[in-house]
Amino acid sequence: NTITSVQIPNTVEEIGDHAFHSCANLATVTFKGDSQLTSIGRFVFCYCRSLTSFTIPKGVTSIGVNSFVVCSSLTSVTFENKNGWTAGTTSISASALSNTSTAAQYLTDDYVGYTWTRTDLEILEGFTFNNLTSTTGELVSYTGAATDVVIPSSYSTTIIDGETVFIKGDTYEVVNIVSGTSSSGPFYSVRSRLISVTIPETITTIGDYAFSDCTVLTEINYNATAVNDFSSINYIFRNAGKSGAGITVNVGANVTRIPDWMFCPSVLSYSYIPNIIAVNFAEGSVCETIGGASFWQCSSLISINVPDSVTSIGGDAFNNCGISEINIPEGITEIEANTFRGCINLSSITIPESVTSIGSSAFAFCSGLTSITIPSKVTIIDEYAFEACDSITSIIIGASVTSIGEYAFRNCDSLTRITIPASVTSIGALAFDGCESLTSVTFENRNGWTAGTESISASAIASTATAATYLTSEYKLETWTRS
């Protein structure tokens with residue numbers, strides 16, 4: 001009862017139960033600067049009737065039951081850290097604790113019989129969300145100072161100083177990134193400084209214009225596992241990376257598909273195409289599908305490691321990309337229309353044995369290709385498939401091909417010779433039009449051919465030179481069929 005004041009050193013981390021119980025004349029408790037105190041036990045200042053004010057150091061995360069019971073003169077309590085407190089199961093708002101008399105009332109009376117605990121709040125600076133349901137929400141905007149932004153997969157809310165604040169938590173799962181316009185959007189205010197963005201697994205919808213005009217973007221970490229296909233006019237990554245060194249897209253291991261039109265802002269204009277230079281799939285990738293037109297017209301794209309898990313590459317996926325080589329995994333059964341059209345830097349390609357058809361214009365205008373081997377399971381070479389591959393000197397057509405489409409090898413003007421397998425029963429009109437160097441064509445089966453309504457004798461096309469003339473000139477306008 002003779003103690004009137006206590007100074008607690010900054011090295012003290014815990015004040016045990018009943019430590020100052022019934023110190024009736026204790027009027028002042030002070031903590032030295034940079035206090036390391038984290039815990040105040042049960043009944044610590046019980047019956048300290050002379051105590052009038054008290055400061056809870058910022059590091060304290062626990063205050064025991066009845067720690068300030070019967071502190072009848074205590075009218076002012078200052079919490080150095082007001083955020084994240086609960087008394088029992090009741091959340092105590094920071095705004096309430098900002099009032100020192102209210103804080104004293106809570107500790108000595110209203111919530112005196114509860115254990116108080118504090119959880120450090122991680123405020124999601126710059127993020128604004130909208131609650132969609134009781135368990136889901138959407139990203140509305142980011143206006144923070146960070147240049148490398150990781151979009152949270154979930155969040156919670158709290159009230160600080162009367163305002164709703166978004167904090168790290170798991171109350172709401174982030175499933176959407178909202179749409180914008182050409183002059184607004186979730187990242188529009190940071191468009192000139194956003195360097196890296198990480199899209200979490202939980203996202204199912206990315207709105208139009210979401211990352212439009214983020215011109216210095218250099219990294220996209222894409223982890224969304226269930227995003228729907230986009231429309232051919234979406235502007236999501238319009239002009240992205242245009243002022244920087246180029247964007248690397250890192251695809252997470254759990255991503256199963258790249259949506260259609262993912263990195264193509266608009267089919268109406270090449271000028272909006274993002275400056276993507278590389279696509280990396282994580283080790284152990286389970287990706288099965290690269291969607292149609294997903295990298296359409298990404299002419300700066302020079303590097304991609306397609307994982308062996310991929311079984312489908314959509315039409316136009318790499319149309320007019322800058323890649324010089326690419327792995328087409330075993331398991332792909334179709335090279336779809338325009339998949340590699342205009343990939344002028346593509347110098348070689350291995351078509352896996354699993355492929356059974358090569359779609360329209362699949363490799364058209366791949367002017368860097370010098371040779372091509374059509375695998376043994378391919379039955380159809382569609383129209384324009386290799387049109388204007390003007391560096392190709394060698395084409396080996398597999399023994400299962402039955403149909404060569406119109407214009408299939410048109411303007412392959414470096415091609416000098418080719419063998420038509422015995423399996424082929426149809427050659428489309430103008431299939432070899434413009435093949436100016438083609439002087440030798442070998443038909444493995446010369447019998448039963450007609451060009452239009454004209455019967456082609458086996459003896460005529462026994463001459464490889466005559467066969468070449470027929471296909472490239474004399475009967476080039478006709479569809480050839482064999483019965």
Side-chain angles (χ1 to χ4, degrees), residues 335 340-341 346-353 355-483:
I335 310 295
F340 300 101
R341 189 181 192 275
L346 194 62
S347 57
S348 65
I349 193 79
T350 299
I351 302 174
E353 288 295 325
V355 171
T356 59
S357 67
I358 298 174
S360 173
S361 297
F363 295 96
F365 298 94
C366 290
S367 56
L369 285 177
T370 58
S371 64
I372 197 79
T373 298
I374 312 296
S376 59
K377 291 182 181 178
V378 171
T379 59
I380 297 172
I381 302 172
D382 215 335
E383 60 184 10
Y384 301 97
F386 295 93
E387 181 189 18
C389 292
D390 52 16
S391 296
I392 283 184
T393 58
S394 172
I395 297 173
I396 299 174
I397 299 176
S400 297
V401 172
T402 60
S403 174
I404 298 173
E406 295 180 352
Y407 307 97
F409 299 100
R410 185 185 190 187
N411 291 331
C412 291
D413 52 20
S414 296
L415 185 64
T416 58
R417 62 181 61 243
I418 195 167
T419 295
I420 308 297
S423 56
V424 174
T425 58
S426 174
I427 302 173
L430 299 165
F432 293 92
D433 180 42
C435 294
E436 297 175 356
S437 301
L438 185 59
T439 57
S440 176
V441 175
T442 299
F443 280 85
E444 288 187 345
N445 189 336
R446 295 185 289 274
N447 298 314
W449 283 102
T450 59
T453 58
E454 187 77 20
S455 178
I456 304 296
S457 70
S459 59
I461 56 176
S463 164
T464 58
T466 300
T469 300
Y470 280 10
L471 275 177
T472 61
S473 179
E474 192 165 341
Y475 295 104
K476 71 177 183 178
L477 297 176
E478 308 297 340
T479 297
W480 288 50
T481 57
R482 182 176 61 81
S483 57

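Just so you know, these numbers use all the heavy atoms, side chains as well, and skip hydrogens, waters and symmetry mates.
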Check: [X] side chain, [Y] main-chain N or O, donor-acceptor pair, under 3.5 Å:
X	Y	result
Ser437	Thr416	no
Thr402	Thr379	yes
Trp480	Tyr475	yes
Ser367	Asp390	no
Arg482	Ala422	yes
Ser423	Val401	yes
Ser361	Ala364	no

Roughly how far, to the nearest 0.5 Å, is [atom2] of [Y] from [atom1] of [X]?
X	Y	atom1	atom2	value
Ile418	Ile397	CD1	CD1	3.5 Å
Thr481	Ile456	OG1	CD1	10.0 Å
Ile420	Glu444	CD1	CD	9.0 Å
Ile372	Cys412	CD1	SG	10.0 Å
Ser455	Trp449	OG	CH2	12.0 Å
Glu474	Thr472	CD	OG1	9.5 Å

[Y] side chain reached by [X] side chain, heavy atoms, under 4.5 Å:
X	Y	value
Phe409	Leu438	no
Phe386	Ile358	yes
Ile351	Phe363	yes
Lys377	Ser400	no
Ile427	Phe443	yes

Which atoms form the tightest heavy-atom contact between [X] and [Y], and what is the distance?
X	Y	answer
Pro375	Pro352	CG-O, 3.3 Å
Gly398	Pro421	O-CG, 3.5 Å
Ala468	Val441	CA-CG2, 3.6 Å
Gly359	Asp382	C-CB, 3.5 Å
Ser360	Tyr384	OG-CD1, 4.4 Å

Apply the test side-chain contact (heavy atoms from CB on, under 4.5 Å) to residues Leu415 and Thr393: give CA-CA distance (whole Å), side-chain angles for both, the deciding distance (0.1 Å), then the verdict.
CA-CA 4 Å; Leu415 185 64; Thr393 58; 5.9 Å; no
With distance as the sole criterion, is a donor-acceptor pair present between the side chains of Ser376 and Glu353 under 3.5 Å?
yes
